[in-house]
There are 2 protein chains.
Amino acid sequence: MTMLETMATVDQKKSEMGDAVLADRLREVGLRPTRQRMALVDILLSQGNRHMTAESLYSEATSQGAKVSLATVYNALHTFTAKGLLREISIDSTQSYFDTNTKEHHHFYFEKSGKLEDIEPNHVKLSRVPNAPDGMSISRVDVVIRVDG
Amino acid sequence: MTMLETMATVDQKKSEMGDAVLADRLREVGLRPTRQRMALVDILLSQGNRHMTAESLYSEATSQGAKVSLATVYNALHTFTAKGLLREISIDSTQSYFDTNTKEHHHFYFEKSGKLEDIEPNHVKLSRVPNAPDGMSISRVDVVIRVDG
DNA sequence: CCATAAGATTAGAATAATTCTAGACTGCTT
DNA sequence: AAGCAGTCTAGAATTATTCTAATCTTATGG
Ligand SMILES: [Mn+2]
Ligand SMILES: [Mn+2]
Ligand SMILES: [Zn+2]
Ligand SMILES: [Zn+2]
């Protein structure tokens with residue numbers, strides 16, 4: 001290991017997925033692969049499905065040495081959501097969650113810890129759902145199962 | 001109509017339900033029927049089922065001549081919720097809603113207007129629901145149908 | 001190439017939603 | 001009717017979130 005590699009390891013985590021893959025994912029949706037977004041998208045998309053708050057993403061990015069402001073984290077989360085890379089979930093009045101799993105699914109919400117856990121769509125069956133009023137259309141159906149403890 | 005009655009009508013709305021009924025409702029759950037709470041509980045419980053935000057309740061109370069601070073409205077909403085007079089609903093990251101209907105039911109959420117509408121529980125059938133993990137128990141199942149427009 | 005400009009992005013400052021807590025009030029108890 | 005033990009209120013403080021002026025990017029063409 002060279003001196004430069006050692007320093008890089010200390011300063012900043014190397015992305016799991018290749019940087020090129022992440023940059024392409026951003027370009028695909030029409031976003032510029034900036035330094036800040038690369039750091040965020042790496043945390044968000046290089047691991048399995050995650051449920052993150054602005055604060056948790058900011059902490060994780062910061063502790064890996066990324067230089068990003070909290071405002072930029074908020075901007076990125078909303079932009080990524082608008083572009084379909086994330087899905088926003090409101091279950092708690094104090095903070096909103098962003099889900100890296102954009103496929104149809106539902107959630108357990110653990111009230112004590114504030115953690116979310118995915119429920120596969122086939123584990124919840126909605127056998128009767130009312131029609132949307134007028135000429136309006138249903139954009140999404142969310143099922144949240146709240147659990148104590 | 002006497003002079004006193006006329007002034008009262010201008011200054012402050014008389015409760016639909018009798019004040020005694022509202023005061024009793026508060027005492028039943030162990031809360032003192034203060035002037036502020038009476039005004040709020042009157043707005044909340046004297047009409048049909050409603051979905052209110054702190055701000056909407058504050059505006060309505062204030063415009064009826066009630067002297068209450070916004071902080072007290074928040075305190076009251078949370079206290080009433082803890083005592084089972086209301087139910088809190090988180091569907092929008094910007095504001096939380098308080099529902100005067102505490103019976104089991106679900107919601108339409110109109111994304112454009114930010115309004116909520118009740119769905120009778122028998123209009124939604126959950127034929128398959130996963131068990132809570134471990135020794136944990138399900139405290140509530142919420143179904144939110146998001147509608148455009 | 002390099003300059004330019006149009007648009008996109010960042011992040012400090014501002015705002016809005018919500019919570020905290022010191023003081024004011026209530027209703028017992030003697 | 002004075003004291004006391006909570007209970008309640010609301011101004012102040014905090015926190016989540018948004019706004020916007022300044023900074024960066026990237027496409028263009030000389
Ligand atoms: Mn807050
Ligand atoms: Mn806010
Ligand atoms: Zn999820
Ligand atoms: Zn409702």
Side-chain angles (χ1 to χ4, degrees), chain A residues 19 22-44 51-62 65-83 85-86 88-98 114 116, chain B residues 19 22-44 51-62 65-83 85-86 88-98 114 116:
Chain A
D19 282 6
L22 292 174
D24 284 345
R25 193 94 64 109
L26 287 171
R27 286 198 201 88
E28 275 168 20
V29 299
L31 295 175
R32 293 178 181 173
T34 63
R35 176 174 55 77
Q36 290 89 338
R37 285 176 178 164
M38 288 295 287
L40 299 177
V41 102
D42 182 31
I43 293 168
L44 293 169
H51 302 103
M52 310 274 292
T53 63
E55 200 59 54
S56 73
L57 178 56
Y58 176 65
S59 303
E60 195 165 329
T62 286
K67 296 291 182 297
V68 203
S69 74
L70 182 57
T72 297
V73 170
Y74 273 100
N75 286 336
L77 286 170
H78 286 131
T79 304
F80 295 169
T81 300
K83 298 299 186 176
L85 298 177
L86 298 176
E88 185 172 359
I89 302 178
S90 300
I91 16 71
D92 180 68
S93 59
T94 65
Q95 238 170 346
S96 63
Y97 290 74
F98 292 83
L116 282 169
Chain B
D19 280 7
L22 293 174
D24 285 345
R25 193 94 65 109
L26 288 170
R27 286 197 202 91
E28 275 167 20
V29 300
L31 295 175
R32 293 180 181 171
T34 62
R35 177 174 54 77
Q36 291 89 337
R37 286 176 178 165
M38 287 296 286
L40 298 177
V41 102
D42 182 31
I43 292 169
L44 293 169
H51 303 103
M52 311 274 292
T53 64
E55 200 59 53
S56 73
L57 178 56
Y58 177 66
S59 302
E60 196 166 328
T62 286
K67 296 292 182 295
V68 202
S69 74
L70 182 57
T72 297
V73 171
Y74 274 100
N75 286 336
L77 287 170
H78 285 131
T79 305
F80 294 169
T81 300
K83 298 297 187 177
L85 297 176
L86 298 176
E88 185 172 0
I89 303 178
S90 301
I91 17 72
D92 180 66
S93 59
T94 65
Q95 237 170 345
S96 64
Y97 290 73
F98 292 84
L116 282 169

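Letters go in sequence order (proteins before strands), and every chain restarts at 1.
- In this entry the distance linking OH of A:Tyr97 with P of D:dT17 reads 11 Å, nearest Å.
- Using a 4.0 Å heavy-atom cutoff across all strands shown, A:Leu70 reaches at least one base atom of the nucleic acid.
- At D:dT17, one or more side-chain N or O atoms of A:Tyr74 fall inside 4.0 Å of OP1 or OP2 (strictly under the cut-off).
- Counting only distance, with no hydrogens or angles, the side chain of A:Arg35 and the backbone of A:Lys67 share a donor-acceptor pair below 3.5 Å.
- In the set D:dT9, C:dA17, C:dT19, the nucleotide with an atom closest to the side chain of B:Gln36 is D:dT9.
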Under 3.5 Å, N/O pairs linking protein and nucleotides 24-29 of chain C:
unit_1	atom_1	unit_2	atom_2	d
C:dT26	O4'	B:Arg32	NH1	3.2

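- In terms of the ring-ring contact (aromatic ring centres under 6.0 Å, His included) criterion, B:Tyr97 has no residue partners (sequence neighbours excluded).
- Rounded to an integer number of Å, the gap from A:Met38 CE to D:dT25 C1' is 15 Å.
- Between the side chain of A:Arg37 and the backbone N or O of A:Arg32, at least one donor-acceptor pair lies under 3.5 Å.
- As a whole-Å value, the separation of B:Lys67 NZ from D:dG11 C1' is 18 Å.
- Computed from coordinates, the A:His78 NE2 to C:dA11 C1' distance equals 16 Å when rounded to whole Å.
- Residue B:Asn75 has its side chain nearest to D:dA10 when only D:dA10, C:dT10, D:dA16 are considered.
- B:Gln95 places its CD atom 13 Å from the C1' atom of D:dA16, with the value rounded to the nearest Å.
- Using a 4.5 Å heavy-atom cutoff, the side chains of A:Leu26 and A:Phe80 are in contact.
- Between A:Ser69 and C:dT10, a side-chain N or O to OP1/OP2 separation shorter than 4.0 Å is absent.
- Taking atom CG on A:Leu31 and atom C1' on D:dT25, their separation rounds to 13 Å, with Å as the unit.
- Across all strands, B:Ser96 comes closer than 4.0 Å only to sugar-phosphate atoms, never to a base (heavy-atom distances).
- Nearest nucleotide to the B:Arg37 side chain, out of D:dT9, C:dT19, D:dA16: D:dT9.
- The distance from atom CG of A:Asp92 to atom C1' of D:dA16 is 12 Å, rounded to the nearest whole Å.
- Applying the side-chain hydrogen bond (donor to acceptor under 3.5 Å, both in side chains) test to pairs two or more places apart or on separate chains, those with a residue in residues 72-82 of chain B are B:Ser69-B:Thr72.
- Rounded to whole Å, the distance from CZ on A:Arg35 to P on C:dA11 is 6 Å.
- For A:Ala71, whose side chain is taken as the heavy atoms from C-beta onward, the closest listed nucleotide among D:dC19, C:dA17, D:dA10 is D:dC19.
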### Task
Under the side chain to side chain contact (heavy atoms under 4.5 Å, CB included) rule, what do A:Ile43 and A:Met52 come out as? Steps first, then yes or no, please.
CA-CA 10 Å; A:Ile43 293 168; A:Met52 310 274 292; 4.1 Å; yes

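- At a threshold of 4.5 Å between non-hydrogen side-chain atoms, the residues A:Glu88 and A:Leu77 do not count as touching.
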